[in-house]
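To start, the structure itself, in structure tokens.
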There are 2 protein chains.
Amino acid sequence: MAEDRRTRRTRRALGAALVELVLERGFSALTVEDITEQADVARATFYAHFKGKDDLFARVTADLLEQLAQRLEPAISGSAIGFTGKPLLEMLRHVSDERDAYRVVLRGEGDGKPLQMFVDSCAAATAKEFKARAGRNDVQPRIDADLLARAWVGEQVAVLRWWAEQDTPPMPAEEAVRMLLDLALHGRYWASGFTAPDRH
Amino acid sequence: MAEDRRTRRTRRALGAALVELVLERGFSALTVEDITEQADVARATFYAHFKGKDDLFARVTADLLEQLAQRLEPAISGSAIGFTGKPLLEMLRHVSDERDAYRVVLRGEGDGKPLQMFVDSCAAATAKEFKARAGRNDVQPRIDADLLARAWVGEQVAVLRWWAEQDTPPMPAEEAVRMLLDLALHGRYWASGFTAPDRH
DNA sequence: CACGATACCGAACAGGGTGTCTGTAAACAG
DNA sequence: CTGTTTACAGACACCCTGTTCGGTATCGTG
């Protein structure tokens, strides 16, 4: 078998314990013993699986990203043309399913590297989508591609975090998706009802 | 006198040492002794000024924000009507002047609280600006105000970070400001030359 | 300039967290 | 059932933390 049942159990327990405790006290306030105690695992066993707190956190994040990618795959291949928002919707659903883990990551806990992993992953996917679209257009972009990518991902992550931090989300995922696409398409002055000043 | 020259010297030295070392090795890898050694200050003296690493970092961030606020004040009062982008430009100039400190903060080093301070500060300023504008419009916003604010600040911070991380910035501040405003006004599909799908 | 006040220094201290290593007991896969 | 793998409990040295101390140098002020 690929993996012993015991190792799976302890790894899961440690991951869950980490997420729970970070939400309670914050990552920097935790000791390895706190985590092992919460997970009901011996301290020595912890070091048999992970190099330390940060390593555990990194793996939890990596697992989350992998899970997300799996759930996104059908949504992406299914809506290859146009931007139906299906992937975005699926992403929000994943956030609501794994809310605690997302909160921990998106808060930038730890040394910020888990969040960095997440952002980089989103940026890569975005860049891919951009390139695919660019192939079907030959209008000269008014905005530097790098700047655009950063802005897009930054916005996405900020909204995701806001979404994850709501207790008993007051806004359904569909509505959030509509707003996000609206925002992305037309800009925020129009979207917020503000009048835009003339250009130049 | 308000402050002894000696205290100013050591505080400055410790702050500078922190920034320098974080850029080299990352916040979590630093010990208090590393910092005091770099600053050429006795370890005991460190604790006479700060509660610990995090406290020092928090003060460095607070100082940076205060300095920014001072530089922004004339730009804001000078362009009360419309959005000329003057504050934005002044902000980018400040980033380029205090590049190292900004990099450290915007990377989310430490437990992420310094970055949080920065984001909150930006959010407060943004909300203020929003309210001022809302008073001059009575169109119903299409997008939830909270979501809009998060998105706006998230984008701003992401771009700022990207800007700060460039070595020998290839894009002048004026150009970046133009693009950011463009993006904010018209949305990214139009701005990037992509065709926008029909709404609904 | 001389004074008192204040900040720095260097060393030492206890306390706690880390990371590693044992031998032993239990759970696993085939 | 049997050999292998994993978890356990305890102990260990090491490093970092945060605080304390008396002695010394620098400061602001009269």
Side-chain angles (χ1 to χ4, degrees), chain A residues 1-63 104 109-114, chain B residues 1-63 104 109-114:
Chain A
M1 192 54 88
E3 202 184 27
D4 195 317
R5 177 189 293 160
R6 287 170 291 177
T7 70
R8 232 178 317 157
R9 263 176 53 85
T10 51
R11 274 205 249 264
R12 279 189 202 285
L14 287 170
L18 177 77
V19 169
E20 188 168 344
L21 288 180
V22 169
L23 286 178
E24 272 179 23
R25 303 180 222 164
F27 184 83
S28 57
L30 296 183
T31 65
V32 171
E33 188 161 17
D34 290 334
I35 301 170
T36 57
E37 188 181 348
Q38 170 80 21
D40 199 25
V41 163
R43 203 168 68 88
T45 305
F46 178 96
Y47 289 103
H49 290 278
F50 306 103
K51 276 185 263 178
K53 261 167 53 177
D54 302 278
D55 188 34
L56 169 58
F57 196 2
R59 300 217 187 197
V60 168
T61 307
D63 289 351
V104 164
E109 292 273 4
D111 52 359
K113 270 161 205 155
Chain B
M1 191 52 88
E3 202 183 28
D4 196 314
R5 176 190 296 163
R6 288 169 291 181
T7 71
R8 234 178 316 162
R9 262 176 54 85
T10 54
R11 273 205 249 263
R12 278 190 202 285
L14 287 172
L18 176 76
V19 170
E20 188 166 346
L21 289 180
V22 169
L23 286 179
E24 273 180 23
R25 302 180 225 167
F27 184 83
S28 57
L30 296 182
T31 65
V32 171
E33 187 161 18
D34 289 333
I35 301 170
T36 57
E37 188 182 345
Q38 170 80 20
D40 201 25
V41 163
R43 203 167 66 89
T45 305
F46 178 95
Y47 288 103
H49 291 277
F50 306 102
K51 275 186 260 176
K53 263 167 51 177
D54 302 278
D55 187 34
L56 169 59
F57 196 1
R59 299 219 188 198
V60 167
T61 306
D63 289 352
V104 165
E109 292 273 6
D111 52 357
K113 272 164 204 154

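Both backbone and side-chain heavy atoms feed into the values below; hydrogens, waters and symmetry mates do not. Just so it is clear: chains get the letters A, B, ... in the order the sequence lines come, proteins before strands, and each one is counted from 1.
The minimum heavy-atom distance linking B:Ala39 with B:Ala13 is given by the pair CB-O, 3.6 Å. Here the closest heavy-atom approach between residue B:Thr61 and residue B:Pro114 is recorded as OG1-CB, 3.3 Å. The nearest pair of heavy atoms linking A:Ala42 to A:Thr36 is O-CG2, 4.1 Å.
Residue-level contact check: B:Asp40 touches the backbone only, with heavy atoms under 4.0 Å from sugar-phosphate atoms and none from bases.
Partners of A:Asp55 by salt bridge (charged side-chain N to carboxylate O under 4.0 Å, His left out), not counting sequence neighbours, listed by chain and number: A:Arg59. Residues meeting the side chain to side chain donor-acceptor pair (under 3.5 Å) test with B:Arg6, sequence neighbours left out: B:Asp4. Under the rule for a side-chain contact (heavy atoms from CB on, under 4.5 Å), the partners of B:Arg12 that lie at least two apart in sequence or sit in another chain are B:Arg8. The side chain to side chain donor-acceptor pair (under 3.5 Å) search around B:Lys51 returns none, not counting sequence neighbours. For A:Lys53, the side chain to side chain donor-acceptor pair (under 3.5 Å) criterion is met by no residue, not counting sequence neighbours.
B:Lys113 has its side chain out of reach of B:Asp54: every pair of non-hydrogen atoms, C-beta onward, lies at least 4.5 Å apart. Between B:Val104 and B:Phe57, the closest side-chain pair of non-hydrogen atoms falls below 4.5 Å.
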| task | Let me see the working for A:Leu56 and A:Phe46 under side chain to side chain contact (heavy atoms under 4.5 Å, CB included), right down to the final yes or no. | result | CA-CA 9 Å; A:Leu56 169 58; A:Phe46 178 96; 3.8 Å; yes
| field | Check against side chain to side chain contact (heavy atoms under 4.5 Å, CB included), A:Phe50 and A:Arg11 | value | CA-CA 9 Å; A:Phe50 306 103; A:Arg11 274 205 249 264; 3.9 Å; yes
Grab the N/O contacts between the protein and nucleotides 22-24 of chain D below 3.5 Å, and write none if there aren't any.
none

Distances under 3.5 Å between protein N/O atoms and the N/O atoms of nucleotides 23-27 of chain C, please, pair by pair.
unit_1, atom_1, unit_2, atom_2, d
C:dA27, N3, A:Arg6, NH1, 3.2

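Overall, the helix from C:dC1-D:dG30 to C:dG30-D:dC1 carries an axis bend of 50° between its ends, with five pairs at each end and the value rounded to 10°.
Residues from residues 43-57 of chain B with heavy atoms under 4.0 angstrom of DNA chain C, sorted by number: B:Arg43, B:Ala44, B:Thr45, B:His49. For the segment residues 9-33 of chain A, residues with any heavy atom less than 4.0 angstrom from an atom of DNA chain C are, sorted by number, A:Thr31, A:Val32.
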Show which side-chain atoms of residues 18-28 of chain B pair as donor or acceptor with protein atoms under 3.5 Å away, not counting sequence neighbours.
unit_1, atom_1, unit_2, atom_2, d
B:Glu20, OE1, B:Gln38, NE2, 3.3
B:Glu20, OE2, B:Gln38, NE2, 3.3
B:Arg25, NH1, B:Asp34, OD2, 3.4

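Remark: C1' of C:dT6 and CZ of B:Arg8 are 15 Å apart, rounded to the nearest angstrom. Taking atom CD of A:Glu37 as the reference point, atom P of D:dG10 lies 14 Å away to the nearest angstrom.
Atom CG of residue B:Leu14 and atom NE2 of residue B:His49 lie 7.0 Å apart, to the nearest 0.5 angstrom. Remark: B:Arg9 CZ to B:Thr7 OG1 distance equals 11.0 Å, nearest 0.5 Å.
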